[in-house]
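We use all heavy atoms of the structure for the numbers below, so side chains are in, but hydrogens, waters and symmetry mates are not. Predicted model, so just to flag it, every value in this text is computed and none were measured. Below, read A as the first sequence line, B as the second, and so on, with proteins coming before strands; counting in each chain starts at 1.
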2 protein chains.
Amino acid sequence: MEKLTIQQIADLAGVNKATVSRVLNGSSSISEKTRQKVEKIMKQYNYVPNSIARGLAFKKTFTVGFCFDYTDKRAYANPFFYKVLQGIEEIVYQNDHLFLMMSDHRLKKSKSTFERVVVDHRVDGLIIPNTLLNEQNYNLLLKHKMPYVVSGENMLPKEGVPWVDIDNVQAGRILTEHLIDLGCRHILIYADKSAAERDKFITDRLKGYSEAISKAGLEVNVIHSPEDLKAVNQEGDERSEGLPEPDALICCTHEQLFEVLDWELGHSVLSQLALATFDNFPISRYMKYPIHFVEIDLEMMGKQAAQMLFALMNKEESVVRSISIQTRIGSK
Amino acid sequence: MEKLTIQQIADLAGVNKATVSRVLNGSSSISEKTRQKVEKIMKQYNYVPNSIARGLAFKKTFTVGFCFDYTDKRAYANPFFYKVLQGIEEIVYQNDHLFLMMSDHRLKKSKSTFERVVVDHRVDGLIIPNTLLNEQNYNLLLKHKMPYVVSGENMLPKEGVPWVDIDNVQAGRILTEHLIDLGCRHILIYADKSAAERDKFITDRLKGYSEAISKAGLEVNVIHSPEDLKAVNQEGDERSEGLPEPDALICCTHEQLFEVLDWELGHSVLSQLALATFDNFPISRYMKYPIHFVEIDLEMMGKQAAQMLFALMNKEESVVRSISIQTRIGSK
DNA sequence: TTGAAAGCGCTAACAC
DNA sequence: GTGTTAGCGCTTTCAA
């Protein structure tokens, strides 16, 4: 079955193709009678306008892109990005667009997929992770007037970059408060130094932790390596001097949690600690130790990002350009 | 910066746009001199041909689609699909195409994303999971002459459906043999009955298990619920009658593994069993019990699927239409 | 309200 | 080898 063209539909309906086009685009200047006639034919022949041709005329693609950072291990360690994608897709489909996913691969001709998509205008708008918004990509987007939204708080020192992120300060705070509520009084937090410098979300989680700890009159205690756990736990001297025994450990990321669990294999201090981290993952309950979580509504994050993008694409006025999503303590 | 058109490049180079087009498409009938001249201008002005217009003329989109089955829980339980995607993308990019991902959502106008993409020819070819190849979608693909490849063995009773899958019989066999090598002599396999009827890969894994067990002169022992573990383990009578105590349990899927682990929370028989399943996942080593795995090269599966698709799209002759990928025992 | 025709950026058949 | 021209399927002036 070959696809029908607008011309064929026009012939079948005995009108000009411009008229069919008008019906297609809901133009007002058309008589109810011809509209009915044309619509009947379209339905009868299952006519679907060719979106490529349409795109050429409109200079639009009806496609939204999402660039995936393949160098970002977190993208694979947990369903993070996929939940975000789910949210994005929902909005994209609602807006009658399609969804072009790309990972930031380098193609032949030393051009990245990202660059190609932007330069070639293969999408009408783009969502990219903050890890990918470097100076170069930023300039590319600007140069090609490509609307975009960053998932994750913008870290580039530029004004007006639209972004959507989790409120990591709040997340750090409520997770800590939760542990305090559970009775913990000596709460450690594990934050890798170099990671904290690189990733703002770690700094933010630390900040939330500190706020909650200080407010409760407790002691801030940051460790920078699983090894530090050993020290804390074995130096009996300290404890006998009245220092409370650590009773909880917050890991700023899953990798750090896994690092601790790896380290644990050779030691065994974790059974005495409440473990906590951010962003639940499906099989957490099958792990050796129970783990406390902050639930993060990643689908919402995706939805917000996509909505912001469509607002920008539609050149709506006064678009909110930064959104922080609140988290909550998981139910189990 | 507005994009240059082929006409503008032609004017700048003082040639006809057809000539530029020839340079673009590597036509042979062109003098080295003009080619150089045109290429210089193109480079100088960073010219990138508009792929939409190109697509319209070529009747091609230079895009390959992947349809994601949102109802398939397995897609989220582990990085299965994402690894496959990684393989697909690599081949897609190598072939200078882009990658349109869609989940099988229903859009407005009661049309699925899948349907829309196929009917509207938004891609030149499509990879879909076998769970999505039903009668209706099959007919749609045929009707619109859309090249496609199925990931997972085709289960639709149709001839010539191209597919790529893991060799699950082989996987079942080597996993079982591995356990036998380790000294296990009473190996159970957990295969949910209804799942086995629905999913061929489960039947296949069972088959491989049976082959290995029989070959070793051992006893096939299929359980259909975690509860059966209890029975096996507690009926001391049986054992005293000379039946060997079960020493290994193969779970056909991760869900079943998790089911068993869930059930375990209330009991405690697993420490006596070697646990095994298919398809490793990143955080398996942090789980309560060590787990034996068959490693599955999912990236390879994606690559093979994409390569098969391009072969079909290019109308190559004698395309291999079904590929089974061998697995191996994981190194840890 | 409708039709005719130009144009979106590119390819390809046909001339020269 | 290169230019001319007619499409690809649709939108959008401009007339009628």
Side-chain angles (χ1 to χ4, degrees), chain A residues 1-39 41-42 45-63 96 116 119-124 144-145, chain B residues 1-39 41-42 45-63 96 116 119-124 144-145:
Chain A
M1 179 205 104
E2 286 308 312
K3 286 197 63 174
L4 290 178
T5 69
I6 198 173
Q7 184 62 65
Q8 296 173 293
I9 294 295
D11 293 347
L12 286 163
V15 298
N16 187 280
K17 64 178 182 171
T19 305
V20 179
S21 174
R22 288 184 188 110
V23 172
L24 232 39
N25 295 292
S27 166
S28 53
S29 58
I30 208 169
S31 79
E32 194 53 30
K33 203 171 123 203
T34 26
R35 142 165 291 120
Q36 305 253 329
K37 186 170 59 180
V38 171
E39 274 174 349
I41 297 286
M42 296 203 301
Y45 290 90
N46 266 316
Y47 170 66
V48 177
N50 179 323
S51 60
I52 303 291
R54 225 153 171 247
L56 184 58
F58 269 137
K59 297 201 176 202
K60 279 201 58 174
T61 61
F62 307 102
T63 306
D96 261 320
R116 144 106 62 132
V119 171
D120 201 9
H121 280 86
R122 291 287 292 254
V123 297
D124 299 334
H144 291 275
K145 303 196 175 71
Chain B
M1 180 202 105
E2 286 309 312
K3 284 195 64 173
L4 291 178
T5 70
I6 197 173
Q7 183 64 65
Q8 296 172 292
I9 293 295
D11 293 347
L12 286 164
V15 298
N16 188 280
K17 64 178 182 172
T19 305
V20 179
S21 175
R22 286 182 190 112
V23 173
L24 232 38
N25 295 290
S27 167
S28 53
S29 60
I30 208 170
S31 79
E32 194 52 32
K33 202 172 123 203
T34 22
R35 145 165 290 120
Q36 305 254 328
K37 186 170 59 182
V38 172
E39 275 176 346
I41 297 286
M42 296 202 302
Y45 290 90
N46 267 316
Y47 170 66
V48 177
N50 179 323
S51 60
I52 304 291
R54 238 162 158 237
L56 183 58
F58 268 136
K59 298 199 173 201
K60 280 201 58 176
T61 61
F62 307 102
T63 306
D96 262 320
R116 144 104 64 129
V119 171
D120 200 9
H121 280 85
R122 290 288 291 254
V123 296
D124 300 332
H144 291 275
K145 303 194 175 73

Is K60(A) near enough to dC8(C) that one of its side-chain N or O atoms lies under 4.0 angstrom from OP1 or OP2? no
With I41(A), which of L12(A), L4(A), V20(A) fulfils side-chain contact (heavy atoms from CB on, under 4.5 Å)? L12(A)
Footprint string (nucleotides 11-16 of chain C, 5' to 3'): B base within contact, S backbone only, - free, heavy atoms under 4.0 Å: BBB---
Side chain to side chain contact (heavy atoms under 4.5 Å, CB included) filter on T34(B), not counting sequence neighbours, yields V15(B), I30(B), S31(B), K37(B)
Taking any heavy-atom pair under 4.0 Å as a contact, classify I30(A): base, sugar-phosphate, or nothing. sugar-phosphate
Excluding sequence neighbours, so at least two apart, what forms side chain to side chain contact (heavy atoms under 4.5 Å, CB included) with Q7(A)? T5(A), A10(A), D11(A), K17(A)
Take Y47(B) and L24(B), measure what side-chain contact (heavy atoms from CB on, under 4.5 Å) needs, and give me the verdict at the end. CA-CA 10 Å; Y47(B) 170 66; L24(B) 232 38; 3.9 Å; yes
Round to a whole Å and report the spacing from CG of N50(A) to P of dT11(D). 10 Å
Assess the residue pair R54(B) and I6(B) against the criterion (side-chain contact (heavy atoms from CB on, under 4.5 Å)); give the C-alpha distance rounded to whole Å, side-chain angles, the decisive distance to 0.1 Å, and a yes or no. CA-CA 11 Å; R54(B) 238 162 158 237; I6(B) 197 173; over 6 Å; no
For a quick check of understanding: with a heavy-atom distance under 4.0 Å over all strands, which category does T34(B) fall into, base, sugar-phosphate or nothing? sugar-phosphate
Ignoring backbone atoms, test whether Y47(A) places a side-chain nitrogen or oxygen under 4.0 Å from the OP1 or OP2 oxygen of dC10(D). yes
Passes side-chain contact (heavy atoms from CB on, under 4.5 Å), T61(A) versus R122(A)? Steps please. CA-CA 6 Å; T61(A) 61; R122(A) 291 287 292 254; 5.5 Å; no
